[in-house]
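Protein chains get the first letters and strands the later ones, always in sequence-line order, with residue 1 at the start of each.
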Amino acid sequence: MAYLAWAQVGVRARQARALSDGEPAGGRSSGGRQFCEDPGLPYRYERSSDAATLAREHAGMAAGEESAERESVAGRVMLVRPQGRIAFATLRDSSGEIQLFAKAGETERFDEFARLSIGDWVGASGRIVKTRKGELSILVESFEMLAPAGRSFGDKWRGITDVELRYRRREVDLWANEEPRRVLTLRSNVIAATRSFLQERGFVEVETPMLHPIPGGALARPFVTHHNALDTDLYLRVAPELYLKRLVVGGFERVFEIGRVFRNEGISPRHNPEFTILELYQAYADYGDLMTLTEELVSSLAVGLLGTTSVICDGRTVELSAPWERTTLMKLVSGACGFEVSLDTPRERLEEALRNAGGLSRASDGAGKLILEIYEKACESGLTGPVIVKDFPVEVSPLARRHRDNPALTERFEVVIAGRELANAFSELTDPDDQRARFEKQAAARAAGDVEAMAVDEDYIRALEYGLPPTAGLGIGMDRLVMLLAGAASIRDVIAFPTLRPVPPAG
RNA sequence: GCGCCUCUAGCUCAAUUUGGCAGAGCGACGGACUCUUAAUCCGCAGGUUCGGGGUUCAAGUCCCCGGAGGCGCACCA
């Protein structure tokens with residue numbers, strides 16, 4: 001009975017498709033509604049195998065050979081090649097592709113099979129054969145329309161290539177293009193492998209609030225939202241850092257969180273307003289321990305997921321195997337300036353060096369900020385790495401512990417690969433009084449108009465007063481890590497649905 | 001925010017250095033075809049050339065304003 005209904009559905013699908021992509025409500029809604037109401041479409045389909053399994057099991061079959069084995073598969077029609085009394089269709093499921101081969105004499109409802117369209121979801125069953133040309137196929141005995149495609153999927157060979165359309169209609173991009181499927185699958189594997197890497201080392205995965213009364217943990221402009229029942233503004237988190245360290249205070253000695261953070265800043269090929277960060281905290285460890293951990297994590301991901309530690313990023317070949325080069329911020333900046341730089345370097349010399357690097361100083365900038373700016377302008381993008389850049393000024397590191405050999409610096413490092421910051425880590429500041437002083441300095445900058453500066457977080461200071469053991473913390477931008485491993489040029493390629501400007505309402 | 005570039009049929013793209021009837025392929029629709037691989041062949045339909053204004057006998061094309069997007073810079077991860 002179902003197939004009679006389908007014959008009508010199919011026709012409607014094609015009518016809808018002709019109008020489809022132009023958005024106007026007419027074609028879409030009339031087409032779509034009828035699909036939903038049609039009682040002929042099945043609720044489930046029982047498969048016996050999938051494309052990749054069948055290909056593996058029948059690798060040895062000879063061209064023209066016909067097996068008696070009967071299998072059923074389901075997937076999306078990628079191509080149809082009707083040819084009179086026979087017809088071929090390429091079916092894709094999540095494992096791969098397999099050909100459906102229909103014959104008028106052997107396939108029930110052959111005429112309907114021959115009228116399948118690109119994008120239709122079908123289930124089909126029949127014997128496994130190899131065609132005379134050697135293509136593994138299912139000689140279809142019966143098939144079912146699972147869902148007709150009511151909209152065009154673009155050019156059958158090229159799909160859609162318009163960059164904006166690819167991100168706006170990611171379902172079409174994923175359907176039509178191999179690369180986004182590969183990249184998003186790799187992303188899933190990177191996240192999963194990172195979890196198991198950390199769990200094997202005794203880290204406990206936790207979840208901390210995304211709605212913060214005070215945004216903290218990073219220098220960034222937050223999104224503001226409002227809770228009605230509490231009648232209070234809340235901020236989408238810019239980092240989970242402070243809550244994670246409070247868990248360490250509470251006795252979780254090794255914790256991590258992989259989650260979304262939100263920063264109300266510009267959008268670029270390397271920045272999305274929401275992105276996924278890994279943060280981990282390890283008690284009784286210092287930043288040197290995390291240098292090793294970071295090297296191991298990144299190189300083991302590369303080996304496990306790519307089979308190599310050599311990746312190409314931005315046209316640069318990067319060797320990810322440990323150990324990585326280690327240097328200090330002061331050494332890099334001194335090299336760029338051509339003279340020895342320290343926090344005692346006269347301000348005029350630093351300002352001049354920053355100007356030479358193409359940056360502008362602000363009156364509120366101290367020596368530490370100026371040195372960091374010089375580094376970012378003159379050094380960072382030229383570092384192929386991986387390189388561990390150590391020992392940042394206190395002024396630009398409000399949550400990091402002072403360096404054991406120089407209290408004007410902190411025990412903080414960043415990892416730079418292919419000119420981009422991948423990770424940021426430090427020995428955590430444990431002294432509540434120092435933390436309060438640093439917060440107050442931030443708050444002063446905030447009052448002076450720095451929208452990225454932190455506010456004083458009393459809850460966090462109180463937590464430190466209960467006692468934070470010596471602890472080291474690490475943050476890694478997972479999107480950037482996936483970009484590195486996938487060789488992706490844009491962060492949008494590694495995010496399923498990147499932030500786009502909403503389409504203005506029609507009319 | 002600034003600079004450069006892009007926008008034509010559902011999709012991918014043409015439309016002469018120097019303005020002259022808006023076209024093709026794919027897809028859709030109708031038909032032929034028993035081993036195809038982006039099948040092939042015949043036929044048919046499909047357009048606010050991103051929007052608005054201007055110059056001109058005539059604008060997809062030239063000029064101005066606006067919109068959206070991409071890239072670079074700036075800010076950041």
When the P atoms of B/G30 and B/U8 are compared, how many Å lie between them, rounded to an integer?
29 Å
Within the 4.0 Å heavy-atom criterion, would you say A/K130 contacts the bases, only the backbone, or no part of the nucleic acid?
nothing
Under 4.0 Å between any heavy atoms, over every strand shown, what does A/Q99 touch: base, sugar-phosphate, or nothing? Just pick one.
base
Does a side-chain N or O of A/Q83 approach OP1 or OP2 of B/C35 to a distance below 4.0 Å, or not?
yes
In whole Å, what separates the P atom of B/C4 from that of B/G10?
32 Å
Can a salt bridge be assigned to the pair A/R270 and A/E421 using a cut-off of 4.0 Å between side-chain N and carboxylate O?
no
For atom C1', what is the distance between B/G46 and B/C73, given to the nearest Å?
43 Å
When the distance from CZ of A/R270 to P of B/C71 is rounded to whole Å, what number comes out?
9 Å
Can you check whether A/F88 stacks with the B/A39 base, using ring centres under 5.5 Å and planes within 30°?
no
Donor-acceptor pair (no angle test) under 3.5 Å: A/D162 side chain, B/G69 base
no
Among B/C11, B/G69, B/C35, the one nearest any side-chain atom of A/I160 is B/C11
If only side-chain N and O atoms count, and only distance matters, is there a donor-acceptor pair under 3.5 Å linking A/Y460 with A/K245?
yes
If you count every heavy atom of other residues, nucleotides or ligands that lies below 6.0 Å from A/R221 atom CZ, does the total exceed 12?
no
Ionic contact status for A/D493 with A/R166, cut-off 4.0 Å:
yes
Would you indicate which nucleotide in B/C75, B/A77, B/A38 comes nearest to any side-chain atom of A/E373?
B/C75
Taking CG from A/L165 and P from B/U8, how many angstroms apart are they, rounded to a whole number?
10 Å
Starting from C1' on B/A77, measure out to CG on A/N264 and report it in whole angstrom.
15 Å
Quick check: do A/M145 and A/E112 have side-chain heavy atoms less than 4.5 Å from each other?
no
What is the distance from CD of A/E421 to P of B/A77, rounded to the nearest Å?
6 Å
A/T161 near the nucleic acid: base, sugar-phosphate alone, or nothing, with a heavy-atom cut-off under 4.0 Å?
sugar-phosphate
What contact category does A/R263 fall into here, base, sugar-phosphate, or nothing, at under 4.0 angstrom with non-hydrogen atoms?
base
Using a cut-off of strictly less than 4.0 Å, decide whether A/R85 has a side-chain nitrogen or oxygen near OP1 or OP2 of B/U34.
no
Rounded to the nearest Å, what distance is computed from the CZ atom of residue A/F113 to the C1' atom of nucleotide B/U34?
14 Å
Taking the C1' atom of each, how far is B/G47 from B/A22, in whole Å?
8 Å
Decide, yes or no, whether a salt bridge links A/K369 with A/E395 under the criterion of side-chain N to carboxylate O below 4.0 Å.
no
side-chain N/O A/K156 vs B/G27 OP1/OP2, d < 4.0 Å
yes
5′-ward residue of the pair A/I267/A/R420 relative to RNA chain B:
A/I267
Relative to A/F392, does A/R412 satisfy both conditions: NZ or CZ under 6.0 angstrom from the six-membered ring centre, and within 45 degrees of the ring's axis?
yes
Using atom P of each nucleotide, how far apart are B/C57 and B/C71 to the nearest Å?
43 Å
With a non-hydrogen cut-off below 4.0 angstrom, is A/G84 in contact with a base, only sugar-phosphate, or nothing?
base
Can you tell me if the side-chain N/O atoms of A/S268 get under 4.0 Å from OP1 or OP2 in B/A77?
no
Applying a 4.0 Å non-hydrogen cut-off, can you work out what A/P269 is touching in the nucleic acid: base, sugar-phosphate, or nothing?
sugar-phosphate
So, OP1 or OP2 of B/A28: does either fall under 4.0 Å of a side-chain N or O from A/S117?
yes
NZ or CZ of A/R401 within 45° of A/F426 ring axis and under 6.0 Å:
no
May I have the distance from A/R81 (atom CZ) to B/U34 (atom P), rounded to whole angstrom?
17 Å
Testing B/C75, B/G69, B/U12 for proximity to the side chain of A/E452, the answer is B/C75
Measure the distance from CZ on A/R480 to P on B/A77 and round it to the nearest whole Å.
8 Å
Using atom P of each nucleotide, how far apart are B/A39 and B/C35 to the nearest Å?
16 Å
Using the P atom as the point on both nucleotides, what is the distance between B/C13 and B/U55, in whole Å?
35 Å
For A/D155 and B/A28, give me the distance from atom CG to atom C1', rounded to whole Å.
13 Å
N/O (side chain, A/K377) to phosphate O (OP1/OP2, B/C73) under 4.0 Å:
no
Any strand is fair game: report the nucleotide pairing with B/U37 by Watson-Crick or G-U wobble, both distances under 3.5 Å, or none.
none
Sticking with atom C1', work out how far B/G3 lies from B/U48, rounded to a whole angstrom.
31 Å
Determine the contact category for A/V80: base if any of its heavy atoms lies under 4.0 Å from a base atom, sugar-phosphate if only primed atoms, P, OP1 or OP2 are that close, otherwise nothing.
sugar-phosphate
